[in-house]
J.: 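Below you will find the structure I want to go over with you.
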Protein chains: 2
Amino acid sequence: MAHHNIDVQSAFEAVCALFHNLKPREKEKIRANFTCSYIRRGEIIFRDGEVPSGLVCLYKGKVKIFKEGVGGRDQIVRMARPVGFFGYRAMFADENHIATAEALEDSIICTIERDCLLEILKTNANLTFHILKSLATELGFSNNRTITLTQKHIRGRLAESLLFLRDTYGLEDDGQTIKVYLSREDLANLSNMTTSNAIRTLSGLCNESVIDLDGRRIKILDAYRLDRISNLG
Amino acid sequence: MAHHNIDVQSAFEAVCALFHNLKPREKEKIRANFTCSYIRRGEIIFRDGEVPSGLVCLYKGKVKIFKEGVGGRDQIVRMARPVGFFGYRAMFADENHIATAEALEDSIICTIERDCLLEILKTNANLTFHILKSLATELGFSNNRTITLTQKHIRGRLAESLLFLRDTYGLEDDGQTIKVYLSREDLANLSNMTTSNAIRTLSGLCNESVIDLDGRRIKILDAYRLDRISNLG
DNA sequence: ATAAAAATATGCTGTTAAGCATCTACGGTT
DNA sequence: AACCGTAGATGCTTAACAGCATATTTTTAT
């Protein structure tokens, strides 16, 4: 989108800061294969089935990564926050994407061209090891998530999602409001339930004064109880 | 178990074959930090919460890796087959184990001491990249599995598990019998259902001549239909 | 060989959450 | 401001599956 001025150099520096132990020559190489683009809320960044073009980084905004399940019911598998990578799994596994990425708000994303990055990785063991570690951590999350989504009851799943969103995006200055505004449908798709049940369960938690609702603004009033609901409910 | 003669050298060569691009010096180093042990059916190899001692490799036998869920209901997150690694996620993520590994039959496992391996990885980018790729692939599996376990119906989940077991352990010489003999409970824990429902659903598939049951022996009579049930049921 | 324990089979009941349908509130467009 | 479309709220009904009880078979230990 040419009408938006993106400070590519700032974005580049921010993205590079995510890499550790980058040699000057490697940094130059990345600079030459680095692109930025402005993405509108609701726009798709990549789709399930597509070939990964490179390493994608979220510089500004929020992005959900989801898989379409049986009967058009989506499951959100990841929420990206700035500054951080996403959509790298498929690239490293040498596979097509197995999920779709969509901007939740107007965002700026950067891409490092695939071959450029792979070349660097093949000679920089430290960097490769660093990424390996991230993948191992994420695999742990994913395994935990499988247990959560299959075994916890609706209230527990929703409570966990709210805590997850708080931990991922933080709180507003009031120290209570979760810094992300999701539709009830997205909240449902994150927590493996129908939209109706997300609405119902949110109302329930609100009636019990565990949370407070104001449209899509969600305030956590009683984090301790929410945590208990997540762990035992 | 000293009364069992394990051919450590053969095991060592088999394990090394899993690594690609191993330099002679690195191989020597691994040999010096390589141990083997005999594990009885039902024995625990590592437990949820423990510190990973090193890279574990299954040389002979079968191993399940599971997480204890809410209310003592386990979820099997991985099935290891020889010759292959398991329990490496926690080590690479620098975390304690988040699951328990138990031998499904008498097995031989080998361990490469942790620091030894990490040292090699930090200088061998090719090898590190290879492992990175494996982790990325496994993360894809895990994400797919989350969708399956949460969205498919019982029949679909069980059918998928049977196909998964066939693909993991292969078939007996008759070309039909799955080469692993799990309890109904393990089958249930693999498919996210109660033992009762695993038994019921297996009986159902047997009545429909999709599979044949003889104790723990499971024959796939109609792989095409089983596949359809997995994908649509 | 026999007792005890574990695994398997099967039926019945209850709960959870999905599937709908209906109604209301809100947001963006003309 | 009036319109439309989407999102949110809420109630009712039903399907899927868990939970439990009991019976039977198989395995393990002594």
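Chain identifiers are assigned alphabetically (A, B, ...) following the order of the sequence lines, protein sequences preceding nucleic acid strands; residue numbering begins at 1 within each chain.
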J.: Is there a side chain to side chain donor-acceptor pair (under 3.5 Å) between A:Ser142 and B:Asn143? Walk through the geometry before answering.
T.: CA-CA 7 Å; A:Ser142 178; B:Asn143 285 343; 3.3 Å; yes

J.: With respect to A:Glu105, which candidate in A:Lys62, A:Lys64, A:Arg41 satisfies the salt bridge (charged side-chain N to carboxylate O under 4.0 Å, His left out) definition?
T.: A:Lys62

J.: Please work out whether the ring planes of B:Phe85 and B:Tyr88 are parallel, tilted or perpendicular, with thresholds of 30° and 60°.
T.: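 Aromatic pair B:Phe85/B:Tyr88 classed perpendicular.
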
J.: Have B:Thr148 and B:Glu160 got a donor and an acceptor in their side chains that come within less than 3.5 Å?
T.: yes

J.: Please work out which residues in residues 187-199 of chain A have a non-hydrogen atom less than 4.0 Å from an atom of DNA chain C and list them by number.
T.: A:Asn192, A:Met193, A:Thr194, A:Ser196, A:Asn197

J.: Establish, from distance only, whether the side-chain atoms of A:Gln9 and A:Glu13 form a donor-acceptor pair under 3.5 Å.
T.: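 A donor-acceptor contact under 3.5 Å links the two side chains.
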
J.: I'd like a table of atom pairs between the protein and nucleotides 22-27 of chain C - only N or O on both sides, under 3.5 Å - with the distance next to each one.
T.:
none

J.: Pick one: which of A:Leu202, A:Thr194, A:Asn189 meets side-chain contact (heavy atoms from CB on, under 4.5 Å) with A:Arg184?
T.: A:Leu202

J.: For A:Arg73 and C:dC20, give me the distance from atom CZ to atom P, rounded to whole Å.
T.: 12 Å

J.: What is the ring orientation for B:His97 with B:Phe46, classed by angle as parallel under 30°, tilted 30 to 60°, or perpendicular over 60°?
T.: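 The arrangement is parallel - the two ring planes meet at less than 30°.
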
J.: What residues, two or more places apart in sequence or in another chain, satisfy ring-ring contact (aromatic ring centres under 6.0 Å, His included) together with A:Phe66?
T.: none

J.: Students should find this one: the first and last nucleotides of DNA chain D, 5' to 3', lying under 4.0 Å from a heavy atom of chain A. What are they?
T.: D:dA7 to D:dC12

J.: What residues in residues 202-216 of chain A put a non-hydrogen atom under 4.0 Å from any atom of DNA chain C?
T.: none

J.: Over all heavy atoms of both residues, which pair between A:Tyr59 and A:Ser10 is shortest? Give the atoms and the distance, please.
T.: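 Residues A:Tyr59 and A:Ser10, closest heavy atoms: OH-CB, 3.7 Å.
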
J.: Rounding to 10°, can you tell me the angle the first-five-pair axis of the helix from C:dA1-D:dT30 to C:dT30-D:dA1 makes with its last-five-pair axis?
T.: 50°

J.: Side chains of B:Arg73 and B:Asn192: is there a donor and an acceptor less than 3.5 Å apart?
T.: yes

J.: Can a side-chain donor-acceptor contact be found between A:Lys152 and A:Asn231 if the only test is distance below 3.5 angstrom?
T.: no

J.: Does some side-chain heavy atom of A:Ser183 sit less than 4.5 Å from a side-chain heavy atom of A:Arg216?
T.: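 SC-SC contact between A:Arg216 and A:Ser183 confirmed.
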
J.: Whether A:Arg89 and A:Glu138 form a salt bridge (side-chain N of Lys/Arg under 4.0 Å from carboxylate O of Asp/Glu) is what I want to check.
T.: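 Not counted as a salt bridge, because no side-chain N and carboxylate O are separated by less than 4.0 Å.
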
J.: With distance as the sole criterion, is a donor-acceptor pair present between the side chains of B:Asp174 and B:Thr177 under 3.5 Å?
T.: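 The answer is yes; a qualifying pair exists.
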
J.: Is the count of non-hydrogen atoms from other residues, nucleotides or ligands lying under 6.0 Å from A:Phe141 atom CZ greater than 12?
T.: no

